[in-house]
Amino acid sequence: MLHEPIKTALNAVTIEMGIGEVEIDLERPRNPSHGDVTCNIALVLSGKLGRPSRDIAVEIAASIEKDTAGIASIEVAGPGFLNFRLSAVTAASILDEIVAKNEGFGRQNIREGAHVMVEFVSANPTGPLHLGHGRQAALGDALASLLEWTGWQVHREYYYNDAGTQIDKLAQSVRVRYLALFGRQEEIPEGGYHGEYINELAESLAEEFGDQFVLDESKKAVEQIRNFSVRCLREEQDSDLDDFGVHFDEYYLESSLHDNGRVNSTLEALKQTGFVYVHEGATWLKTTAFGDQKDRVMVRKNGLPTYFLPDVAYHMHKWTRGYERVINVQGSDHHGTVDRVRSGLQALGLPKGYPEYVLHQMVRVVRDGSEVKFSKRAGTSITLRELYTEVGTDVTRYFFQMRKPDAQMVFDLDAALDYSDKNPMYKIQYAHARMHSIFAKAQVMPEEIESGSADLSLLTEDYERQLINQLRDFPSVLTRAAENCAPHIVCEYLEQTASTANTWYHAGNPSRNPSLAVLVDDSKIRSARLVLARSLQIVLQNGLAILGITAPKRMMQEPANDGT
RNA sequence: GCGCCCGUAGCUCAGUUGGAUAGAGCGCGUGCCUCCGGAGCACGAGGUCACAGGUUCGAAUCCUGUCGGGCGCACCA
């Protein structure tokens, strides 16, 4: 990266001063008048050396090798900040790099192909996907991309809880509606499902199987109803996600853990550890030994396992499949499971923090200032599909991603439906599309713009310098976002980039300020600015790609309701 | 009661891992404007960073406590 020469120059100085190599932190100052790059090393050293930070800063500034590092000037400011201004050539050289790397600009290899699994969505197949799943789908997918961009080999996994009591409740609910179609009244069991989709399932069940389950109350019949319902709901969830642009490498079925004996073998393995005991007819694991609030039941008095046991078996299998890093994206209402799953795994010898969790808070949808709660079809909150059908998948994804996971968020439908620059997602897309229209006007293909094709030292305007600095940040933004499992950092960055770009673009409005326009008469400046325009386009396009959002070349008249 | 998350502009939210005068969008106010592509552009007002202590050169950020909100505390998932 471009900061590198400054780092080495600084290190040379600290070695010369007899301090040796020091951890050096370079940042781009918030305030542009503070230069292109800033460093607080003097403040850090002041404690160590017992000298005033300003004195140290002055000394470093005096002895630094400016020319080789491409530094135009150094200034000591405030308590001892070192503010560097880069020479125009050095600053702009990043543009050649961007254009050369193109779709690869921003990619890093911090973790040379190490394997990581991201598990997300993992909804029970007991109903349509709703808002919370949407947030999770958008978040998990972006996180997975971020990890890919920073060098991880990523596996996207979806865990279907297709076993257990919830599914039984589903089957019973469908059965009751099904019987009603044939004039038989029964009550939906407590904790059962009531949405309109249960009726739909009952109807398709009747269509496919006729009345054959009406009198048949055998175990086998109930199982058939259950399998049918689960199959239909899985298909629906899959197509909801597919249309949302989220895809998985693997769907892992909870039922498989029971079928292939992993649940049992995990139980046996746990028993070997000495942390298992029997109390009041149930089998417990002493999870308090690993920091859990209380011990947990693994096998109930009735002989059936709780969900806890298959959970441990599942995560054990993640480990044995070779994923030494696993990130589970879940709603924060599940945070109670974190400690117990980890405890179970620790009992089996897995590392303490395994797996990692990204827990996201709840979403509220608001229209006209008041909350939209209900979906008739789902019987609960509005579904993911209802949401993205109305506002479009790009906006839906962006809105879910632009807030950090652990903050509760308000999804404002009015803001989402605003098809102008006021909507941050469209603001970014506009900025991208504008560049394309400039190329069209200039009659060049963006792909034809080559690295090294222009004299970038001509980019000396403040507007240009600002934008260049902004673009330079992209790779480090991605590292930070990936390290923090925080896609919203990318959103924040892209929006800011679009703002900077808009300021630059509008400043060069040909009717007002033709000398600042990209397509100026001076052909040398023009080609330099086209490189800048191209670089901007690449950065926006790459950033949007990570978020799973399209980068249109033209904006359409109306938002695309592409969910249907 | 216990645990986790969150309290930052009227509203929705950022805040680069402890740095310079706390930022953005919406809304509001003022002045431009129909342009290389849209209700656009420029500028402005608006803050006791919930509160009280502590840590240090320096705190919205770290520690302790208090208040307020969300979620979770099953032999349900």
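Per chain, numbering begins at 1; letters A, B, ... match sequence-line order.
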Is there, by distance only and without an angle test, a donor paired with an acceptor across the side chain of [X] and the base of [N] below 3.5 Å?
X: Asp333(A); N: G72(B); answer: no
X: Asp473(A); N: U16(B); answer: no
X: Asn83(A); N: A20(B); answer: yes

Indicate whether OP1 or OP2 belonging to G15(B) is found under 4.0 Å from a side-chain N or O atom of Lys404(A). yes
Is the phosphate of G3(B), meaning OP1 or OP2, less than 4.0 Å from a side-chain N or O of Lys294(A)? no
Within residues 299-312 of chain A, those residues having any heavy atom closer than 4.0 Å to RNA chain B are Arg300(A), Lys301(A), Thr306(A), Tyr307(A)
Does anything in residues 486-493 of chain A reach RNA chain B, meaning a heavy atom under 4.0 Å, and if so which residues? His488(A), Glu492(A)
So what does [X] touch, heavy atoms closer than 4.0 Å: a base, only the sugar-phosphate, or nothing?
X: Ala517(A); value: nothing
X: His506(A); value: sugar-phosphate
X: Ser437(A); value: base
X: Gly508(A); value: base
X: Glu483(A); value: nothing
X: Asn40(A); value: base
X: Thr283(A); value: nothing
X: Met409(A); value: sugar-phosphate
X: Arg554(A); value: base

[X] has an atom [atom1]; how far is it from atom [atom2] of [N], in whole Å?
X: Met425(A); N: A24(B); atom1: CE; atom2: P; value: 23 Å
X: Arg340(A); N: G72(B); atom1: CZ; atom2: P; value: 13 Å
X: Arg28(A); N: G19(B); atom1: CZ; atom2: C1'; value: 17 Å
X: Leu43(A); N: U17(B); atom1: CG; atom2: P; value: 14 Å
X: Lys553(A); N: C36(B); atom1: NZ; atom2: P; value: 23 Å
X: Ile428(A); N: G37(B); atom1: CD1; atom2: C1'; value: 18 Å
X: Asn509(A); N: C41(B); atom1: CG; atom2: P; value: 11 Å

Quantified in whole Å, what is the [atom1] atom distance between nucleotide [N] and nucleotide [M]?
N: G37(B); M: C33(B); atom1: C1'; result: 16 Å
N: G54(B); M: A59(B); atom1: C1'; result: 11 Å
N: U16(B); M: U61(B); atom1: P; result: 12 Å

Base of U17(B) relative to its sugar, syn (within 90° of 0) or anti? syn
Who does [N] pair with, Watson-Crick or G-U, both distances under 3.5 Å?
N: U55(B); answer: none
N: U12(B); answer: A24(B)
N: G1(B); answer: C73(B)
N: C43(B); answer: G29(B)
N: G37(B); answer: none
N: U66(B); answer: A50(B)

ring centroid sep under 5.5 Å plus plane angle under 30, His34(A) with A20(B): yes
Do Phe81(A) and the base of A20(B) stack face to face, with centres under 5.5 Å apart and an angle between planes under 30°? yes
Indicate yes or no: does Glu119(A) engage Lys318(A) in a salt bridge with an N to O separation below 4.0 Å. yes
Using modelled atom types and a 3.5 Å cut-off, is there a donor and acceptor pairing between side-chain atoms of Arg234(A) and backbone atoms of Pro125(A)? no
Are His317(A) and Tyr252(A) close enough that their ring centres sit under 6.0 Å apart? yes
